[in-house]
Amino acid sequence: MYDVLIIGLGCAGYTAAIYTARYKLKTFIIGAEEGGMGMTAAEVGNWPGDIEVRGPDLMERFKKHALSFTDLVTHKITRVEKAEQADGGFRLTLQGGETVEGRTLIFAMGSNKRRLDVPGEAEFSGKGVTYCATCDAFFYRGRDVAVIGGGDSAVEGAAIAAQVARKVYLVHRRNEFRAEPYWVDEMKKRENIVFVLERNVVEILGDQKVTGVQLDKEFEGSPELRVDGVFIEVGSLPATALAKKMGCALDDRGFLRVDEAMRAGIPGVFGAGDVTSGSNRFAQFATAAGEGAVAANSVFNYLQTGA
Ligand SMILES: Cc1cc2nc3c(=O)[nH]c(=O)nc-3n(C[C@H](O)[C@H](O)[C@H](O)COP(=O)(O)OP(=O)(O)OC[C@H]3O[C@@H](n4cnc5c(N)ncnc54)[C@H](O)[C@@H]3O)c2cc1C
């Protein structure tokens with residue numbers, strides 16, 4: 001029986017594990033993908049201590065730090081439940097059926113990219129449609145692509161894609177961007193970005209692979225943009241399905257509801273990072289790390305005092 005089970009190999013999970021292991025708690029940390037969302041951040045300029053660092057490099061350092069104290073397991077969790085022991089505890093079921101038990105639990109499962117839900121999206125997923133411009137733009141060197149969205153990921157994605165693509169259409173339903181001003185400025189410097197504002201994509205077109213997108217209103221005389229790649233960057237949804245299933249409460253936007261100690265409503269269950277309602281839902285490396293530290297401290301206190 002472990003003292004603590006941590007689900008998530010991202011910034012929040014790694015930080016929590018560093019703290020719980022240093023509290024000398026028997027720690028089990030697991031995640032489907034090492035590094036989580038941090039792996040998709042091309043350039044991070046607000047992680048204190050690094051003027052500029054690539055997301056994957058930052059996550060590699062987190063992993064190395066966590067590994068200096070504890071092992072980690074790369075695997076998907078399919079079920080989380082209360083264990084039957086008299087003294088409580090929790091059980092994780094890994095894909096494949098293996099189970100692991102622990103006295104406390106930290107959900108640090110981050111978020112999943114939101115779908116656009118238009119015809120052609122599922123059909124051409126992986127055939128020109130992807131959900132990470134910064135990860136996949138490299139495959140579209142010298143070609144025309146569309147980035148859909150207007151937040152941080154879309155704006156950063158368009159700026160990065162414009163470094164390799166011939167032309168980047170940035171399709172956004174509003175006429176202004178809700179992204180970090182740094183990335184809006186970077187994007188505006190790129191002359192090969194074409195702003196397609198106050199337009200929605202209503203269909204993704206293709207044959208064997210993507211050939212274009214259909215808009216709800218004409219742009220420069222046509223309702224169709226001819227592109228080879230479509231990057232859907234319309235936000236993320238917290239990965240709360242397993243937490244909800246075991247009885248944790250969500251807030252009105254679907255985030256795992258936590259208090260100031262990162263307690264998630266069920267004694268012994270905590271949350272950290274993008275999955276939670278904490279830090280005013282400001283989903284950043286700094287807040288995910290902070291929440292991971294608080295959750296670990298709360299686990300330690302809970303195991304000492306039961307509160
Ligand atoms: C393109 C982009 C650029 C960004 N740039 C910045 C930036 O410059 N500065 C900044 O501060 N923030 C930035 N962010 C935000 C930052 O990446 C996140 O806030 C942070 O990575 C969240 O960490 P997390 O640990 O909460 O979640 P995640 O990193 O998403 O980790 C979640 C973990 O849970 C695992 N998981 C989920 N479901 C399961 C399951 N069923 N079974 C097992 N494991 C599971 C995942 O595999 C993953 O390991 C950016 C985000 C994006 C998308």
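Residue indices begin at 1 and follow the sequence shown. Remember, it's 1-based here, ligands and their atoms both numbered in the order they're listed.
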Could you say whether the N/O atoms of [X] and ligand 1 ever approach to under 3.5 Å?
X: Gln284; result: yes
X: Ala12; result: yes
X: Lys113; result: no
X: Asn46; result: yes
X: Leu9; result: yes
X: Ala32; result: yes
X: Ala239; result: no
X: Phe285; result: yes
X: Asp274; result: yes
X: Leu242; result: no

Distance from [atom] to nearest protein heavy atom, with residue and atom:
atom: atom 3 (C) of ligand 1; answer: Glu156 OE1, 3.3 Å
atom: atom 51 (C) of ligand 1; answer: Met37 CG, 4.1 Å
atom: atom 52 (C) of ligand 1; answer: Thr40 OG1, 3.8 Å
atom: atom 42 (N) of ligand 1; answer: Ile77 N, 2.8 Å
atom: atom 37 (C) of ligand 1; answer: Met109 O, 3.4 Å
atom: atom 5 (N) of ligand 1; answer: Ala41 CB, 3.6 Å
atom: atom 47 (O) of ligand 1; answer: Glu33 N, 2.8 Å

(message) With a cutoff of 4.0 Å, is His75 in contact with ligand 1, counting heavy atoms of the residue only?
(response)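 For ligand 1, residue contact (heavy atoms, under 4.0 Å) with His75 is present.
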
(message) Please compare Ala42, Ala241, Gly8 and report which has the shortest non-hydrogen distance to atom 33 (C) of ligand 1.
(response)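 Answer by nearest heavy atom: Gly8.
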
(message) Are Val194 and Val168 packed together at the side-chain level, in the sense that at least one heavy-atom pair is separated by less than 4.5 angstrom?
(response)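 Not in contact.
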
(message) If you take the centroid of each ring, where Trp contributes its six-membered ring, are His172 and Phe177 closer together than 6.0 Å?
(response)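 Yes, the ring centres sit under 6.0 Å apart.
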
Which ligand 1 atoms does [X] reach within 4.0 Å, using its non-hydrogen atoms?
X: Cys11; answer: 23 (O), 25 (O)
X: Lys76; answer: 41 (N), 42 (N), 43 (C)
X: Ala283; answer: 15 (C), 19 (O)
X: Gly273; answer: 26 (O)
X: Gly31; answer: 43 (C), 44 (N)
X: Gly10; answer: 25 (O), 29 (O), 31 (O), 49 (O)

(request) Answer side chain, backbone, both or neither: which part of Thr287 comes under 4.0 Å from ligand 1, heavy atoms only. (result)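 The answer is neither.
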
(request) Between Ala108 and ligand 1, find which residue part has any heavy-atom pair under 4.0 Å and reply side chain, backbone, both or neither. (result)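 Backbone only.
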
(request) Please list all pairs passing the disulfide bond (SG atoms under 2.5 Å apart) test where one or both residues lie in residues 88-153, with sequence neighbours left out. (result)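 For residues 88-153, and leaving out neighbouring residues, the disulfide bond (SG atoms under 2.5 Å apart) pairs sorted by first residue read Cys132-Cys135.
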
(message) Taking ring pair (Phe, Tyr, Trp, His ring centres under 6.0 Å) as the definition, give me every residue that meets it alongside Phe28, ordered by chain and number, with sequence neighbours left out.
(response)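 If we apply the ring pair (Phe, Tyr, Trp, His ring centres under 6.0 Å) test to Phe28, skipping adjacent residues, the hits are Tyr2.
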
(message) Looking at Lys26 and Asp3, is there a salt bridge between them, counting it only when a charged N and a carboxylate O are closer than 4.0 Å?
(response)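 No salt bridge links Asp3 with Lys26.
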
(request) Quick one: do Arg226 and Asp144 satisfy side-chain contact (heavy atoms from CB on, under 4.5 Å)? Show the steps, please. (result) CA-CA 8 Å; Arg226 308 288 301 171; Asp144 294 350; over 6 Å; no

(request) Report, as yes or no, whether the 6.0 Å neighbourhood of atom NZ on Lys217 holds more than 12 heavy atoms from other residues, nucleotides or ligands. (result)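 Yes, because the 6.0 Å sphere around NZ of Lys217 holds more than 12 heavy atoms from other groups.
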
(message) Checking the side chain of Asn192 only, and the main-chain atoms of Arg166 only, is there a donor and an acceptor separated by less than 3.5 Å?
(response)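 Yes.
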
(request) Verify, without hydrogens or angle tests, whether Glu198 (side chain) and Asn175 (backbone) share a donor-acceptor contact under 3.5 angstrom. (result)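 No, the answer is negative, given that no donor and acceptor are paired below the 3.5 Å cut-off.
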
(request) Look at the aromatic rings of Phe219 and Tyr169 and report parallel, tilted or perpendicular, splitting at 30° and 60°. (result)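 Phe219 and Tyr169: perpendicular rings.
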
